Every structure is written in structure tokens, then in C-alpha cells.
**Student:** 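Mind having a look at this structure? Questions to follow.
All of these numbers come straight from a predicted model, not from anything done at the bench. Chain A is the first sequence line, chain B the second, and so forth, proteins listed ahead of strands; every chain is numbered from 1.
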Protein chains: 4
Amino acid sequence: MDRHQVKPAPGRPRSQQAMEAVLTAVHRLLQTTAYKELTMEGIAKAAGVGKPTLYRWWPNIASIVMDVMKQQAHHDIGAPDTGSLESDLLLYIGDTCRSLTQGAGAIMRSLMAEAQFDDGFAQIFRESFISSRRATLIALLQRGAARGELQKDADLELLADLCYGPIWYRLLNGHASLDEAFVQAITAHIIMRG
Amino acid sequence: MDRHQVKPAPGRPRSQQAMEAVLTAVHRLLQTTAYKELTMEGIAKAAGVGKPTLYRWWPNIASIVMDVMKQQAHHDIGAPDTGSLESDLLLYIGDTCRSLTQGAGAIMRSLMAEAQFDDGFAQIFRESFISSRRATLIALLQRGAARGELQKDADLELLADLCYGPIWYRLLNGHASLDEAFVQAITAHIIMRG
Amino acid sequence: MDRHQVKPAPGRPRSQQAMEAVLTAVHRLLQTTAYKELTMEGIAKAAGVGKPTLYRWWPNIASIVMDVMKQQAHHDIGAPDTGSLESDLLLYIGDTCRSLTQGAGAIMRSLMAEAQFDDGFAQIFRESFISSRRATLIALLQRGAARGELQKDADLELLADLCYGPIWYRLLNGHASLDEAFVQAITAHIIMRG
Amino acid sequence: MDRHQVKPAPGRPRSQQAMEAVLTAVHRLLQTTAYKELTMEGIAKAAGVGKPTLYRWWPNIASIVMDVMKQQAHHDIGAPDTGSLESDLLLYIGDTCRSLTQGAGAIMRSLMAEAQFDDGFAQIFRESFISSRRATLIALLQRGAARGELQKDADLELLADLCYGPIWYRLLNGHASLDEAFVQAITAHIIMRG
DNA sequence: TTCTAACCGAGACGGTACGTCCCGTCTTCGC
DNA sequence: GCGAAGACGGGACGTACCGTCTCGGTTAGAA
């Protein structure tokens, strides 16, 4: 079989407890503090953890915050499958926008911003958030296309950009809100285009 | 701008020369250095200028860089008026994407990122760049709408988001390029939707 | 004349006030804390001074403490000139031992120890303390020799070692005290040997 | 040392081998590294030994180094007994100075320095090195005194200080070397004084 | 022409956070 | 049940910039 012997690492194993204390502490800090106010020093203090431990697990603040977001966002947004592309989109885009409006937005903006400055983080951020959500959306579109709810030659990648683009643009620029009307307009636009 | 009745200030006036030295120096620095590597201290040194002089003119690095971009981008992108919405869009979106691909992109990403962390800068950034470009685009769409090239009830704000959203999204995420095909796809999409 | 133009350094001059605050603070700290407990961080905090300011003036803790000792020890020990070598030695060695017994001893031990680990500091320490005191002692012996109170061919350098050697040895080892009997014994020994 | 009746230890016995590996490793490290560069971590790594093992045997670096010195210096300096105090002193002081000049000096300086900062170590250091050597010297002087080679009322403790004081003083200060001339001068001085 | 106020460069200031190093302790394994 | 390996909480290190201040020197309009 492929069950190769997992060699247990020598030495004291990493403390899951410490890692969780950090995530909890950062989550708590983010309730009252802006992302930009976070410091490794402050996080270590708040979590009752040594700075080297912090650096042993994460290379920078952005990565910690990303883990916090990952943990809590796991169950936030599912992949609806109602049998109708329009309902699916309304649900999915709606969930996305609601999540961003209700608090996650500020942090996601910060992470996206951080990704502009750090290529290493950018890659992980995109893999962890952007790509997986994009994949979900595209799968959803694909099902719709298979049912004939989109044109045969529809460019699903472009449709995904036409969906997520305006969402991020509004989130980052704040010139308009991610309200229900916006969700409907975007959905209508994609459906009609197909 | 429209400053009239300048009270004749006592004392030595601010040195226009120093300001230009700063902009030049930052422009030069940005050829070889990432935006994130810039420091007020480094800029002052490179420009042969005292730190207080820097702070007298600009509150932070982002503002200096924004001024650099403003200066050179002034004539980059005009507002085409060919009489056809499609040609106008192809030209305008094409110019925009070309500009972003040819070097301005990296810095614009950084400025957009910075705007996520500093509300004061965000406001100026949006006024200086985002809003004016948006206004140009919307004027262009308006002319098209007046000629009947769009539906009567077309939501021009939304169309602008559907145009700029994907551009920024691709710029910030880097998952796809802002090439000619993209320009044509976006243009086609807007035209068809109208 | 030799009065060459003293070019005033550009920039804000160093704050004499900050320097004095540091020396005062360290002096105060040394009342209640062992030399080894001192930290740059603690000194900066106690003096209300930034760490970089500390490093701008001194390369390490030993140098700061040395300056503290220099400041207060300036008038401690004079160079007696009574006309008699024996009285001179009794006074000079007595003053030296009393000074070391009354509190300076612990710190001088620490500085001497530090000098074993840091060549740069060692050089300054020896110039500032050891050599100048040695020079004073040798001058004193020289006067005695000139008066015929020592043998003509007496090796004054060796006599200085025979005087300071036991003092430092007892100070560093603590196996015997630097009391009046010791002062007399050393003095008698040098006189008799001459 | 005098371990009799070794209780058949349950489990894995303590590794005498580990202890020796440490001493060997530290000896090796000291060939290329200054005492001050040694760290518990580095020693553990170099000796292929766990840090807790290190702490189980020694409380600090100084103690380890002291054991290294003890081990190799055991046979360095004997207690001569030629029947003449002068020859005995020339041999004994000469051996001492040669040993210090040939490499042991740097480390002995460091240990003496360390003893200024750590009372616990100071006590052991003095017992292990200073006192035993002093006792040897004093025994040697005593034999001389018994033979009438010193004055009857000679203060042997003081004579020991007059011998070791200058040696340590020169070693720690480096203002003069511990050469043959020095050995002869010190010897002559003690003999003449008696 | 002199005065004087705001400018200029330079750079030190009090701070804060950085990322690293080592401490001495602990926890988990394999021997 | 010892011993290696190494993660842990902790804390000081020396550095880099921050944004402010204090200098001596310059510059140009007002007196």
C-alpha cells in the first residue's frame, strides 16, 4: 500500500494550544482594533505567547489574520445547487456580499491590500481565498451552462471576473454598497449575458 | 488651484525647486525599488532634502507617490469621442489597460492597497484617480446612450463597475492579464448588455 | 595661531541633557541593582531616553557605567606630595583602598571583568582608569626615588605592579580585605624593597 | 568521584559518555572561538547532547569551561621541592606564567571575569583554582621559611598576594608580559623581602 | 539697507516595532 | 526512565524608521 511510515518528528511537538491561543487573541483584537494596528509584539502579548513562537508558525501578521479568517469563514458560504442558475447566483453572490458587509469586509480589504506588497503572501492568499471561491462560482456557472442556462460558448472565466470584479471594486473603493440591488443587478447581468 | 488674494507671506517662500527634486527623486527610486521599500528617510536623502521639508508638503509616502503618478499620467489617457461607443470603449479601456500593463500597474496597485489602510489618503486617491476616470468613462457611456447605443434604462454606474471592476480585479489578483482580448471582451460585454 | 575654525556640525546638536539624564539614571540604578542586571532597555526606560540615543552615545553598557564612574571619581583620589614617599604611599594607597571598599569596588570589578570580554572596551577602560592611576603612582615613586628613598636602579613599573597587583587580586578574589593593615603592609614592602 | 555501591539504576543510566563528549566539544570549540561566544545551545549542538542534559550536569557555561580547564591542567603545574626556595619559586612561578602565556591565559581571564558576576561560580572557581594554587605556593614558602630562607615573622599570605597579585594584574590588564624577566623579578623580590 | 520671519539642509531626539538570539523549562519520543 | 531533540514563554538585543525638534545658514519681502 501507500501507507508509508510517518516518521514522528523528534523533539517536543508544536503546541496546538499555543496556535489556537494566537488565533483567538487575534480574533478578539480585531474586534476593537484595525488590522493595521496589529503588531507581532502586541499579538504575542495578547496571546500569552513568545514572539519566536509566533514566527515559528507564521511569517507575518497577514498570514495570522488569514488563518483567523479561514477558520471562521469555513462554513460561511456554501455552494448552492438549486437547479436554477439564477437562484444559485442570487444565493451565492448574496451570501458573499452579506459576509463582506457584516464585518469580514474590512479584513478582506486589508488582506487584499497586503497581498499587493508581499508576493509570498499574495500567492497563499489567492490560493486560500480567491481561487477556491472562484472555483466554486465557476462550478456553479458550469452546471448552469450544462443545463443550457448560458450560451454554449460563454467564457466562464470572464463571467467570474464580471462577478467578482465589481464586488472587490466596490469593496475596495467604497463608492457604492454591496446591497441586495447590487446582487440582483450582477446576477441579472450574468444570466442575460449567457 | 483657484487661490486668489494670496496674502503676501512674510519670510522665505517654499521652494518649488525642493518639491520638484522630491518628485524626480521618487520617480527615479521607483524605477529600481518597490513602493514598499520607500521610506521618508530614504526619499529625503535621495532628493537632498530635509525630512521636515517632506512633511511640510506631504503627510506620507503614498501622497508623494500619488503626486508622481499624477504628474506623469496627466496626458496618458484621453477621452476618445469617435462617434461610436464601441470604438470609444475599445480605445479608452485599451489605453487604460496598456497604461497599467506598462509599468503604472505596480504602483497603482500599491496606492490602491495603501488606500485600504489610510482613510485620509483613500479619499484623496479616489478623488484624484478613481473618480475622475470613472467620470470620463461614464461621460463616454452617456454619449453612447444618447445615441441609442445602450438601452434607455441602462444603469451607467453599474456599467462602469462592470468595466473597472474586472480591470482592478485582474490587476490586483494577477490571475489573468489585461491584454487586447480582455479589452475586447469587456467592451463587447458592455455593448451587448446595453 | 592654532585656533583653527571649529566647523559646527550640521544638524541638531547632541543633547547634553539626555546624556546627563542617562548618567544620573544609571547611577541611581546602580544603588539598587547589580551591574549585571543592567540592560540597555532598562536604562533607556529609566532615563526617559530612546534606545537609539543610548547607542548613539555609547556602544555598550560597560561604557556608560565607566562614564558614571569617571564623573564621580574625578575628585576622589588626588596625588599626595608630602615630601615623604612613605606618607605619600600611605595616603595614596589608603585612598585607593578606601574608595574601593566603600562601593566603587563592586563596579570596578565588573568593569575589569567586562574588559576581559571586549577588547575595544578594554582599551578605553585601561586608558581611562588603570593607566592614569598607574601614572600617578609612578610619578609619586619617581619623586621618592629622586629623593633617594628608593634604590637607584629600582624598577618603578614592577613596583607599581607590586602595589596594584595585590589590590586588584584581593578585590577580584575577595580572599582578604583592603583594610588599613593591608595598606601599611604594601607600603612597607615597597619602601623596604627600594 | 568516590562513587561506590552503584545502585543498579532502573532504566537507561546516565551517560558518562555524554559528559565527556561535552568537555571534548567545548575544548574543541575553544580552539576557534572566544569564551564569550559560547552558548549552551551551541555546546549542546556541538556535543550532540540535549540541552537538559547540559543543565543536569552544569549550571552554566563557566562551570563547563572550568571543568575543561581542570581536566587538562591537572598535570600542568606541579609543586617543586628542590631544597632551595629560590629554585622552587623560579620553577613554580615560571610554570604558572608559561601555562598562562601558552593559551590557558585567555580562558583563565574569562573565568576570573565570570566570577565577578556570579557568586556561586566565584566560590567554586576560587576553591578549584585560586585556593589550591595558593595553598601550593604557601606550602612552598613555608618549607623555605622552615629552612630559614625567609624572615621568621614573614606574612606568607601577603607574600602570596605579592606573587599572584602582579601575575593576575598583568594577565587581566595586558600592560606587560609574563616573561622570564618578570618571573625572576618577582622571585627576587619575595626572596629579598623575607 | 537692514531686519526678520519662514524657509532650507542636516541630523539628533523620544519612540515603537522589528526579527533574532539565547535563556532555562517543558514535553514527546526512541533506546 | 534516561536522554536527544526541539518547541515553549520570556526577554534583551541592536536596527530601522517614524514624525518632531533644534540647530546654523539662506532668502526675500517689509520696515
**Student:** Main chain of Ile124(D), side chain of Ser128(D): is a donor-acceptor contact present, judged purely on distance under 3.5 Å?
**Tutor:**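 Indeed, once roles are kept as given, a pair shorter than 3.5 Å links the two residues.
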**Student:** Under the side-chain contact (heavy atoms from CB on, under 4.5 Å) rule, collect the residues that match up with Ser110(D), sequence neighbours excluded.
**Tutor:**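 Ser110(D): side-chain contact (heavy atoms from CB on, under 4.5 Å) contacts with Phe117(C), Tyr35(D).
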**Student:** To the nearest 0.5 Å, what is the distance between CE on Met66(A) and CD1 on Ile61(A)?
**Tutor:**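 Those atoms lie 14.0 Å apart.
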**Student:** What's the CG-P distance between Leu54(B) and dC21(F), to the nearest Å?
**Tutor:**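 Distance, rounded to whole Å: 17 Å.
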**Student:** When rounded to the nearest 0.5 angstrom, what is the spacing between OG1 in Thr33(D) and CD1 in Ile43(D)?
**Tutor:**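 Thr33(D) atom OG1 to Ile43(D) atom CD1 measures 10.0 Å (nearest 0.5 Å).
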**Student:** Can you check the Gln16(C) CD to dC13(E) P distance for me, whole Å?
**Tutor:**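 Checked: the CD to P distance equals 10 Å.
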**Student:** Side chain of Thr53(B), backbone of Val49(B): donor and acceptor closer than 3.5 Å?
**Tutor:**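 Not at all, since once roles are kept as given, no pair shorter than 3.5 Å links the two residues.
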**Student:** In whole Å, what is the span from the CG atom of Asp118(D) to the C1' atom of dG24(E)?
**Tutor:**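 Atom CG in Asp118(D) sits about 15 Å away from atom C1' in dG24(E).
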**Student:** Measure from OH on Tyr55(C) to C1' on dC13(E) and round the result to the nearest Å.
**Tutor:**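 In whole Å, dC13(E) C1' lies 17 Å from Tyr55(C) OH.
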**Student:** Does a side-chain N or O from Trp58(A) land closer than 4.0 Å to OP1 or OP2 of dG19(E), or not?
**Tutor:**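 No, because none of the side-chain N or O atoms of Trp58(A) sits under 4.0 Å from OP1 or OP2 of dG19(E).
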**Student:** Which residues, if any, of residues 20-30 of chain A bring a heavy atom under 4.0 Å of DNA chain E?
**Tutor:**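 Output list: empty, so none.
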**Student:** CG of Asn60(D) versus P of dG24(E): gap in Å, rounded?
**Tutor:**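 For the pair Asn60(D) CG and dG24(E) P, the rounded distance is 8 Å.
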**Student:** What integer distance in Å separates Arg56(C):CZ from dA16(F):P?
**Tutor:**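 Value for this atom pair: 12 Å.
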**Student:** To the nearest 0.5 Å, tell me how far Ile64(D) CD1 sits from Met69(D) CE.
**Tutor:**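 Between atom CD1 of Ile64(D) and atom CE of Met69(D) there are 14.5 Å.
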**Student:** Rounded to the nearest 0.5 Å, what separation is found between the OG1 atom of Thr24(C) and the CD atom of Gln17(C)?
**Tutor:**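 Rounded to the nearest 0.5 Å, the OG1-CD separation comes to 10.5 Å.
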**Student:** Below 30° counts as parallel, above 60° as perpendicular, anything between as tilted: where do the rings of Phe125(C) and Phe129(C) land?
**Tutor:**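 Judged by the thresholds at 30° and 60°, the geometry between Phe125(C) and Phe129(C) is tilted.
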**Student:** With side chain to side chain contact (heavy atoms under 4.5 Å, CB included) as the criterion, how do Gln116(D) and Met112(D) come out once you've worked through the C-alpha distance, each side chain's angles and the decisive distance to 0.1 Å?
**Tutor:** CA-CA 7 Å; Gln116(D) 307 308 312; Met112(D) 176 62 98; 3.7 Å; yes
**Student:** Strictly below 4.0 Å, heavy-atom distances to any atom of DNA chain E: list the hits from residues 35-51 of chain A, or just say none.
**Tutor:**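 Residues of residues 35-51 of chain A under 4.0 Å from DNA chain E: Thr39(A), Met40(A), Glu41(A), Lys51(A).
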**Student:** For the pair made of CE in Met19(A) and C1' in dG9(F), what is the distance, rounded to whole Å?
**Tutor:**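 The answer, rounded to whole Å, is 18 Å.
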**Student:** With respect to the side chain of Pro52(B), which nucleotide from dG11(F), dT16(E), dG11(E) is positioned closest?
**Tutor:**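 Side chain of Pro52(B) sits closest to dG11(E).
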**Student:** Counting side-chain heavy atoms from CB outward, which of dG9(E), dC26(E), dC13(E) is closest to Thr53(B)?
**Tutor:**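 Looking only at side-chain atoms, Thr53(B) lies closest to dG9(E).
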